[in-house]
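Heads up, the thing below is written out as structure tokens.
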Amino acid sequence: MHNIKDIRKNIESFKKDISNRYVDFDSSNFLKLDEENRKLIQEKEKLENEKKTISKSKDEKLFAKSKEISKKIDDISKNQNNFKKKIDEILSSLPNIALEDVPIGKDETFNKEIKKSGSLPNFKFKPKSHFELGENLEMLDFDLATKTSGSRFVFVKGQLAHLERAISNFMIDIHTQKNQYKEISPPLIASSNSMYGTGQLPKFENDQFEINLDSDDRKFLIPTAEVILTNIVRDKILDEKTLPQRYVASTPCFRKEAGSYGKDTRGMIRQHQFYKVELVSIVHPDNRLEELERMTDCATGILDLLELPYRKIILSTGDMGFSAEKTYDIEVWLPSENNYREISSCSSCGSFQARRMKSRFKDKNNETQYVSTLNGSGLAVGRTLIAILENYQNEDGSIKIPNILKPYMNNIEKISKN
RNA sequence: GGAGAGAUGGCUGAGCGGUUGAAAGCACCGGUCUUGAAAACCGGCAAAGGGGCAACUCUUUCCUGGGUUCGAAUCCCAGUCUCUCCGCCA
């Protein structure tokens with residue numbers, strides 16, 4: 001959410017900034033609504049003041065007039081609320097503005113590679129895809145999932161299920177023990193307030209799994225733990241001393257993936273449900289860029305330990321998420337695709353989410369300001385499993401266990417059939 | 001599922017129809033004192049929105065939404081959430 005005062009003041013630059021995000025914004029209409037809204041507010045406040053004066057005077061002769069004024073106020077309020085609603089609708093659908101160093105471009109082709117790390121595996125045979133490997137091992141079962149649940153689900157079985165759990169535990173251990181994140185085991189269902197706070201609502205309702213309850217308030221399966229972890233500070237005025245706050249959680253994530261019907265239909269790249277270890281930082285706005293680098297390092301640190309090759313890219317203005325002002329994607333090497341694939345996405349959201357959530361802190365001058373929020377995957381567990389399968393595969397279809405994971409896997413050397 | 005109690009500022013907690021945006025305490029900020037710190041004392045300290053270059057000023061807000069009233073934190077209705085007790089259950 002943007003500050004409407006800032007928009008008003010710098011309408012031209014705002015128009016330009018928002019156009020860099022490739023969304024439509026009718027600025028003249030917006031300004032008109034804003035102007036009308038403020039005009040009505042002024043009318044209303046004048047009447048309210050009058051009414052207040054009468055009530056204070058306790059002059060019975062004026063009581064009738066006060067009643068009349070009340071009616072007028074009601075009318076104006078209704079009208080004004082309509083304008084306010086329209087303004088809020090527009091405002092809440094506008095994405096965050098990108099920082100200056102973010103490459104401008106309409107899609108992922110404008111993303112920029114920042115660094116490459118690790119050496120690509122050199123197979124003496126044709127590497128198989130993760131789903132071939134998994135199915136041959138009889139440890140990934142897509143057909144069974146189709147039977148029990150439908151498309152875009154998977155059964156992970158036996159030692160591969162163990163490996164998935166090991167990955168998750170390993171990541172959490174690193175983030176809590178080395179990276180100073182606090183472990184959280186959160187609810188997997190979020191209220192619409194929370195979904196609004198992080199920016200999933202109102203614009204991306206179609207991507208969410210909504211839970212049907214009898215009550216009026218809507219609930220959603222979390223698409224990422226970011227929703228819950230970030231909303232920890234919703235409606236709060238924090239003590240500056242409590243910053244930064246860092247949270248990590250490993251949770252299932254649920255996504256409808258509406259509009260991705262043709263994409264990644266084979267395998268477990270794109271599922272309705274997957275595990276992800278999520279990092280969230282709540283920080284002083286001055287420290288947010290530093291924190292973004294730190295968070296990204298926390299994510300790549302996991303890949304370093306797993307000895308998986310990856311690259312780091314910065315997303316272009318058109319490819320960034322709704323709430324982000326700057327995003328790094330970490331892409332891991334997938335031999336079967338001969339390409340890199342997203343395994344983590346780390347974003348600074350600046351005050352964008354904080355404004356929606358009303359998350360503030362008192363600074364040294366005793367002024368309240370909005371905190372900055374950051375989130376990143378550290379990492380997507382399902383995709384890490386995929387990356388290990390493919391990068392650590394042997395010619396006979398068995399999978400070597402990365403050294404760092406062995407303690408989490410009863411020190412076995414490899415996973416093979418039976 | 002049944003029966004009660006409650007929801008007030010960053011926090012604790014008074015107020016229960018008329019300058020109450022809200023006592024008191026804590027926390028926080030500034031000052032005096034001190035070699036420094038602590039203690040003590042003095043002062044400041046809610047948010048959002050509107051108007052104004054600014055000083056400043058106006059409006060709204062005591063869980064949410066309705067209602068009563070000239071006037072509501074205070075009264076009425078509905079809802080949400082929290083706590084206690086009983087029942088049931090991972």
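Below, chain A is the first sequence line, B the second, and so on; all start at residue 1.
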Q: Could you identify which residues of residues 25-33 of chain A place a heavy atom less than 4.0 Å from some atom of RNA chain B, listed by residue number, or say none?
A: none
Q) Pairs counted as Watson-Crick or G-U wobble with both distances under 3.5 Å: what dot-bracket string results for RNA chain B, using | for bases tied to another strand? A) ((((((((.[[[..)..(.....]]].(((((.......))))).((((((....)))))).[[[[[..)....]]]]])))))))....
What donor-acceptor contacts under 3.5 angstrom involve side-chain atoms of residues 238-250 of chain A, with partners at least two apart or in another chain?
residue   : atom : partner   : partner atom : Å
Asp239(A) : OD1  : Lys241(A) : N            : 3.1
Glu240(A) : OE1  : Lys364(A) : N            : 3.3
Glu240(A) : OE2  : Lys364(A) : NZ           : 3.4
Thr242(A) : OG1  : Asp239(A) : O            : 2.7
Thr242(A) : OG1  : Gln245(A) : NE2          : 3.2
Gln245(A) : OE1  : Tyr247(A) : OH           : 2.6
Arg246(A) : NE   : Glu291(A) : OE2          : 2.7
Arg246(A) : NH2  : Glu291(A) : OE1          : 2.9
Ser250(A) : OG   : Ser168(A) : OG           : 2.6

Q | Cation-aromatic face contact Lys106(A)/Tyr22(A), 6.0 Å, 45 degrees | A | no
Sub-3.5 Å pairs of nitrogen or oxygen atoms, protein against nucleotides 65-71 of chain B:
residue : atom : partner  : partner atom : Å
C70(B)  : OP2  : Lys67(A) : NZ           : 3.1
C70(B)  : O2'  : Ser66(A) : OG           : 2.7
G71(B)  : O4'  : Ser55(A) : OG           : 3.4

Q | Nearest-angstrom distance from the residue atom CD of Gln80(A) to P of U59(B) | A | 16 Å
Q.
So does Glu342(A) get a backbone contact from the side chain of Arg383(A), meaning a donor-acceptor N/O pair under 3.5 Å?
A. yes
Q) Is a side-chain donor-acceptor pair under 3.5 Å present for Glu226(A) with Gln353(A)? A) yes
Q. Rounding to a whole Å, what distance do you find between Lys52(A):NZ and U61(B):C1'?
A. 11 Å
Q.
Salt bridge or not between Arg38(A) and Asp34(A)? Use side-chain N to carboxylate O under 4.0 Å.
A. yes
Q: Mark yes or no for whether Glu325(A), through its side chain, and Leu99(A), through its backbone, hold a donor-acceptor pair below 3.5 Å.
A: no
Q: State which residues pass salt bridge (Lys or Arg N to Asp or Glu O under 4.0 Å) with Lys15(A); sequence neighbours excluded, sorted by chain then number.
A: Glu12(A)
Q: Compare side-chain N and O positions of Asn49(A) against OP1 and OP2 of C58(B) and report whether any pair is under 4.0 Å apart.
A: no
Q) What string of B, S and - do you get for nucleotides 45-57 of chain B 5' to 3' if you count protein non-hydrogen atoms under 4.0 Å? A) -SSSBSS------
Q.
Nearest whole Å is fine: how far is G79(B) P from Arg218(A) CZ?
A. 21 Å
Q. Please give, in whole Å, the distance from U64(B) C1' to Asp235(A) CG?
A. 12 Å
